[in-house]
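Side chains are part of it too, since the values below use all heavy atoms of this structure and drop only hydrogens, waters and symmetry mates. Convention: sequence-line order gives letters A, B, ...; per-chain numbering from 1.
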There are 2 protein chains.
Amino acid sequence: MVKRGIKSGPRMADRVYEDIRRAIVQGELKPGERITEEVLADRFGASRTPVRSAIVRLASDGFVDMTPHSGTAVKSRARHEIAEIYDVRAMLESFAARLAAERHEEHHLARLDGIQSELEELSAAARRGEREDAVDALSSLNLGFHQAILDAAGNPTLKDSANRLMDIGFLINTYASFDASEIDRSVSDHRKLLTAIRSRDGAWAEALMRAHILGARNSLIDHPPRH
Amino acid sequence: MVKRGIKSGPRMADRVYEDIRRAIVQGELKPGERITEEVLADRFGASRTPVRSAIVRLASDGFVDMTPHSGTAVKSRARHEIAEIYDVRAMLESFAARLAAERHEEHHLARLDGIQSELEELSAAARRGEREDAVDALSSLNLGFHQAILDAAGNPTLKDSANRLMDIGFLINTYASFDASEIDRSVSDHRKLLTAIRSRDGAWAEALMRAHILGARNSLIDHPPRH
DNA sequence: ACTTGACCCATTGGATACAATGAGCGAGAT
DNA sequence: ATCTCGCTCATTGTATCCAATGGGTCAAGT
């Protein structure tokens, strides 16, 4: 082989994993699309070995389906599967919200406040002018908010389980939150949630988070993204 | 290469994955123990390639820690991490119990009944004579019972998330349920749970399952297994 | 025309050779 | 004696070669 990609610092397999993952999440690789190891290897300037390693991990994470000698395809999910994922997320994250309310430290709150104010500003800006750039940023801030709550809950296993599901549903989320009213609802949900957590009201936080996620779930079912 | 293991049917990587997994779960490979690819390759009569593939999956599943150029080690978990895992399991499976109660079909109930009667017989037998053989069987039946409830809940994502955690905690479970009073408690919990599910009382089933798992969690914390 | 079977090829699965890296060890200096 | 620097070596990371498999195609028979 001639040359590896750009830099040789991190492991090639990791870079390939991240890249494929991102490609899937961003919709560059569509559900059902077949991916062959050789093509990916060429695309990333690597050999098949690290690509293989990456694919194995992606399969374990539920992003692709690997069938023995036939090939690998981006996993496609039926509507009801998406709904199921949201149901489980609702359980996990509402639990996290309760724990966060009950156990959070001051710095967790500070981080949540920071993210929330960015979220407020950005959504206000998005409602007016440059919405195009804002969607990605909002999506990422939204993710950050949920992460922060999971951190505040102080249960790494819980965070891990929830993240697995969040990652899988991320693509959907991105498109769904394109809707302006959805953005407003989400930001306002977060605001209430933050209040509940700040006042250490576990039950309230739990209920709000459940409603927040199930709300997203239902609006997603009513207005499915293009597929 | 000389010869591959015994049979050539399933993929070598899969067999290696299962074998290592089993070795870890059964305590043959102890937490913290380092495993090198070459040693495993020799042990299974395979080359490093499938072993590597298996290890990547095991790492993704949380059974081992893979550090870049330093090696792979069986993941060791602190006591509080085990407790965290049980907390999350309690959430997921109590949710599953509720869904199972509300939505189960007849055949789910039949399966549960079947497992439960086996469980009753075996625990009675264990209380008397041949306990040695019974422990593994009880453990496996117990697993089957929880699986059956997850199936009855009808949410594959939920089943998946719960399974991930159950697998990780399986080793602990095996040793913990060695205690006779634990076995009795567990069987009696199951009996009540089954009643709740049969009567389609979701809230009751949820509460029972939560108590069941948190009970196991607490007795595990009080009587930690050898490590 | 439809079914069936054999063959070919694309693609993955596994083995081995080679490169890179991080850890441990020992020699030398202070 | 201790600390540091560099070297060696065990082990992983990557590349490439060969084997195996399964699907698709094309042709022949009914």
| said: Pair A:F145, A:L193 - check side chain to side chain contact (heavy atoms under 4.5 Å, CB included), show working. | reply: CA-CA 11 Å; A:F145 189 87; A:L193 198 42; 4.2 Å; yes
Looking at [Y] and [X], is there a salt bridge between them, counting it only when a charged N and a carboxylate O are closer than 4.0 Å?
X      : Y      : value
A:R43  : A:E28  : yes
B:D61  : B:R21  : no
A:D160 : A:R164 : yes
B:D151 : B:R111 : yes
A:D87  : A:R210 : no

| Is the shortest heavy-atom distance from the side chain of A:K75 to the side chain of A:V64 under 4.5 Å? |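 A side-chain contact under 4.5 Å is absent here.
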| With a 4.5 Å limit on heavy-atom distance, are the side chains of A:H80 and A:I221 in contact? |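 No, side chains not in contact.
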Please list, for nucleotides 23-26 of chain D, all pairs of protein and nucleotide N/O atoms separated by less than 3.5 Å.
none

| task | Please work out which of the three classes, parallel, tilted or perpendicular, describes the rings of A:H212 and A:H190, given edges at 30° and 60°. | result |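 Geometry flag for A:H212 against A:H190: perpendicular rings.
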| query | CZ of B:R34 versus P of D:dA10: gap in Å, rounded? | reply | 13 Å
| When the C1' atoms of the five terminal pairs at each end define the local axes, what inter-axis angle does the helix from C:dA1-D:dT30 to C:dT30-D:dA1 show, to 10 degrees? | 10°
| request: May I ask you to list the residues of residues 48-57 of chain B, by number, that have any heavy atom positioned under 4.0 Å from an atom of DNA chain D? | output: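 Those residues are B:R48, B:R52.
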